[in-house]
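These numbers come from the heavy atoms of this one structure, side chains and all, not from hydrogens, waters or symmetry mates. All chains are named by letter (A, B, ...) in the order of the sequence lines, taking the proteins before the strands, and each is independently numbered beginning at 1.
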Amino acid sequence: MRRVTTAVTTVGVLVAASALAACNKTPTARSTGPQIYAPIVGGPHALPPAAAAPADDGNWTMPGKNYAQTRFSALNQITPANIGKLSLAFTFSTGTTKGFEAPPLVVNGTMYIITPFPNYLYALDLTKPGAPTKWMFKPKPAAASQGVACCDVVNRGAVYDNGKIFFNTLDGQTFAVDASTGQMAWHTQLGDIQKGETITMAPLVADGKVIVGDSGGEMGVRGWLAALDEGSGKVVWKAYHTGPDKDVLIGPRFHPFYAMDRGKDLGVSSWPPDAWKIGGASAWGWVSYDPETKLIFYGTSNPGPWNPSQRPGDNKWSAGIFARDVDTGQAVWFYQSSPHDLFDHDDVNEIILADIPWGNGRRPVLFHPGRNGYFYVIDRRSGQVLSATPYGYINSSKGVDLRTGRLVPAADKEPQPGRTTRDICPASPGAKDWNPAAFSPITGLVYIPHINLCQDEGHSEANYISGTPYVGADVKMYAGPGGNRGVFTAWDPIRHRAVWEIKEDLPLWSPALVTAGNIVFYGTMDGWFKAVDARNGKLLWQFKAGSGIIGQPISYKGPDGRQYIAVIAGVGGWAGAIVSANMDPHDPTGALGFVNAVKDLPLKSTAGGILYVFTLPR
Amino acid sequence: MSVRASAKAAVLPLLLGACQYQHYQSDFGGAAVEDRQFLTLFWIFIAVCAFMYVLVIAFLIAGIARARRVDANIVETGRHHHSNPLMRSTLIGWTALIGVGLAGLAIASFFTDRSMARAATNQKLSVTVTGNQWWWDIEYNAADASKTLRTANELHLPVGVPTRIFLNSNDVIHSFWVPSLAGKQDLIPGRKNDITVLPTRVGVFRGPCAEFCGLQHAHMSLVVVVEPYADFIKWWDHQLQPAPQPTTPLALAGYKYVTTGPCSTCHAIGGTPANGQVGPDLTHLASRKSLAAGTMPMGEGNLYGWVEDPQSLKPGVNMPTIGLEPGQLHAVVAYLETLK
Amino acid sequence: MSSRFRASCILLLAAAALTVSACNREEHHSRAKPIGENIPAGASPPTIFPGGGSPPPLDARAALYDNNANAIGKGQQLFIQMNCVGCHSHGGGGMGPPLIDDQWRYGGRIDQIATTIAVGRPNGMPAWRGKLTADQIWDLAAYVRSLSGLPSKDAVSSRSEGMSAGTPQTLTPHGEIYNSDSAQQ
């Protein structure tokens, strides 16, 4: 009798305990504290290559911090112990109200800010109190370019090199401005808005060349990446991403790892006749550079139109990663992560260079959290995919076949003409869109701010008229499983799993910053600028900015030797277009489907464009 | 000549004439396996039903003739007849005959349907026909994406090759019906139907749209050209070529207008900047046999009329009347005529 | 005359009146006007008319297209084919401003909308003059007005096309939320 009683009591206690535990797992749409999946283990972990990630001098000269795109600051004055005292040092209003995706640059006591259209460039003097403006430069881009920019009139950043600031304007020009005087050194017209080309990406300056790519995958452009001479602005080489091999700069150096990417003139033969001329595959994202091998790495955008039945074939060279020689632009390898892309899964996300422990030594790889939901670890010498692990919920594909390198699609999620396919995950912005992750060489983790959205998609016949959109799809997005639209993941790239995760109500559209003080900074779309512990995700500090944050936070050493954290708040971009473009929430298909997912955003954030700079008090 | 002879003389050419057009757009064309299967079933039905019809008429005549001779009083006095054994066995035989006949028709129908379904395998060629108001968008599918061909309103098929035709619609329900080749199959928006055709005779056939689809349903016809396989491949290769460059100044002026003016918002011409997808592909317009989806034969005069004022030839069609100046009209038609 | 004759006369007249009133709504303009015709010159956007000036009168063609079911239907088809959906979505906006609200940067009168479509606007609205006929432009203008619930409810489409199956235009409340039709000048 007593044994039975004990057994019943034990079972009862266990049931109660598991019920209580289950309560905690109830999904809630509100922002939650971190879910810790695995403690950080010690041992050798990934490190950025030294040549691409040199020692930190306290400046921030390019949006990615360095050529390896780590977005890691070695400054460690601010720590979890003292961050409670972090406070505002000064602010600056940029006068714009469109989505602000660019970071401020800091070079030896001057801060440079590039705004969204009309792309004003400000130089602030950090040596004086209140950081007064030294000069401002107005490039005066054509106003009509706003009509061919798909996803808010953003600018992803300027770059400093050799005494000049380089940046792109929405109407397709690249400018070089003297960093001390604000006088224009040169400007080059690269894009043609009559064809729907704009430029929103931040250029990369490497080996004396300014690397620039176009935008317009939704406008039926022909994508390209060009290199301009740093001193004169003349085009040194230009590589297209569709068409014959000679246009794509594919020659004897080209050795793709997988058979699906090998062949002659694949940029023509994998498209219906003439479709490659309006096939998209632009380059509007991030470019990385390995100075040791002199290779640049970047991804190409979706093929056009979104309606895949109008472009049978693999649609090379869209939705894939190129490695090119920086001197000549000749392609060295290519990997297509989404052949015959069905869901606008561009591949332009950041490419973080790292060396990982492999056998007895280290292997040079790149980390790439892709739009299609897979975290790729790719050997950066050969293009071989070492692993592709889902870092978000995916039902639109079944995995990546590592033997052939090919994405395995899910047949039931393939959109059909005239019908609506429902519950496609991840949605078109993917498990993560343009907003880049940060990589800490101290913890060895990749800090990924991303989204959790699924969508319904219907296709119709897209008509091509140059200068107008070439899409052919109606989309409606909504929160994915769990109800939270945003998620911040700390990812272990060696063990291929999340270490900790924070669920956010709104999609996370801001990049991440990680410091040597083991603090990760990111912003939410309703304006909370958050600092969390890099080791366990615990919220350490937060600040409510005047507008949602989608811009890159940076950390720099001020003229007084203190560590500063700076971010510019201004909601917008594709996710925030409902606010920055004053859209009407009654139409759920607005902003290519995003309006339906963020109907509550106008109440949670208004438009803006204000710089906030924080530091510890003396 | 007597009246009867002159009547025959008048009717005969009509009959011959009917025979002449019989195979262009006729269920009796028998130019493909599907149509022949249908015809076989049709003649079985005709034979069985005709036989029964003749029997019924014969009995009716016999009944009328007999009733004339028999005394009408019988009915009025209500005198009963004993059951007539002949009548009874005839009735039983008649019912049995009907049963056998119907069963036979059902079996014949079943086997025809099964054989048509079996033919819908092993297709070598795949075509997608998309119905629009009021024209046919035709795309030949190929494993090599760069060999996919997009054309309009004229379907070429190789003789002796089973072809699977996928059917879709961009707006309302249309129906694919080339009577000489096969039966009807609807083009339903949002649904992918298909029909298999195995042509057996070379020739030119016509297929009207067979489901009312709006104002110009009557002017929406498909021209189907069945040709030997080698000719078909030559035609396909030729259609893949981009449009030739204009050589005369007039054609060049027409090219400029077509690629920069209103035409390019809807039409595509391969190898030129004109890439509109919502209207018929014009790359090899002049090589087609008809204009405006079978509304009129291809020819210079018809081209002039169509380009200048499509609304008067096919009122309500989506192509607008632009109101070209005479010089522009000459130039545009001159250019279109080079698109062979 | 007899009462029955009078009754049938009245009925006939009533039927005729109904038919005539429905005529405009269903009139088809299939023979379009040439593209060389003037864009409505009088349709300037809402602005100041100094010295006691007044806004230009409504273009004469407005009556042919406003509240015309056929024009709104053709405009709906053209709205998708000419990629207006790419910038304005199904009225919610995007690259271009929303069309389902009651804010009209350049005027919401049908002739003002037709002018906007024809000549383009500075912040990226393309100029369609020379690419679309005047008839097509007016059809589009009629449809754009229907996106914000302005035409009469018996002329608009009663079924919402497109994937998201939003509120059909016959039930669109936008035109009724606000007390005055701000498009009327």
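The distance from the NE2 atom of C/His90 to the CG atom of A/Asp584 is 14.0 Å, given to the nearest 0.5 Å. Note that CD1 of C/Ile80 and CD of A/Glu461 are 11.5 Å apart. Values are rounded to the nearest 0.5 Å. Residue C/Leu99 holds its CG atom at 9.5 Å from CG of A/Asp587, rounded to the nearest 0.5 Å. Atoms CE and CD, on C/Met125 and A/Gln146 in that order, are 14.5 Å from each other to the nearest 0.5 Å.
With a threshold of 4.5 angstrom between heavy atoms, A/Ala591 approaches chain C through N, CA, C or O but not through any side-chain atom. Proximity to chain A (any heavy atom under 4.5 Å) is shown, for C/Pro97, by neither the backbone nor the side chain. For a residue to count as touching a neighbouring chain, one of its non-hydrogen atoms must lie under 4.5 Å from one of that chain's; by this rule A/Val471 does not touch chain C.
With A/Asn463 contributing its side chain and C/Gln81 its backbone, the two residues share a donor-acceptor pair below 3.5 Å. Remark: side-chain polar atoms of C/Asn83 are not paired, donor with acceptor, to backbone N or O of A/Thr468 under 3.5 angstrom.
Shown here is A/Lys604, whose NZ atom has more than 12 heavy atoms of other residues, nucleotides or ligands within 6.0 Å.
A 4.5 Å side-chain heavy-atom check between C/Trp128 and A/Ile465 finds at least one atom pair inside the cut-off.
Nearest heavy atom pair, residue C/Met95 against residue A/Pro469, reads CE-CG, 3.9 Å. Among all heavy-atom pairs drawn from A/Ala581 and C/Gly94, the shortest one is CB-O, 3.7 Å.
When each of A/Ala462, A/Cys150, A/Cys151 is scored by its heavy-atom pairs under 4.5 Å with chain C, the top score falls to A/Cys150. Top candidate by heavy-atom pairs under 4.5 Å with chain C, chosen from A/Ala142, A/Ala577, A/Gly590, is A/Gly590. The candidate from A/Ala149, A/Gly467, A/Ser145, A/Gly593 with the greatest count of non-hydrogen atom pairs under 4.5 Å with chain C is A/Ala149. Considering only heavy-atom pairs separated by less than 4.5 Å from chain C, the leading option among A/Ser460, A/Ser580, A/Ala143 is A/Ala143.
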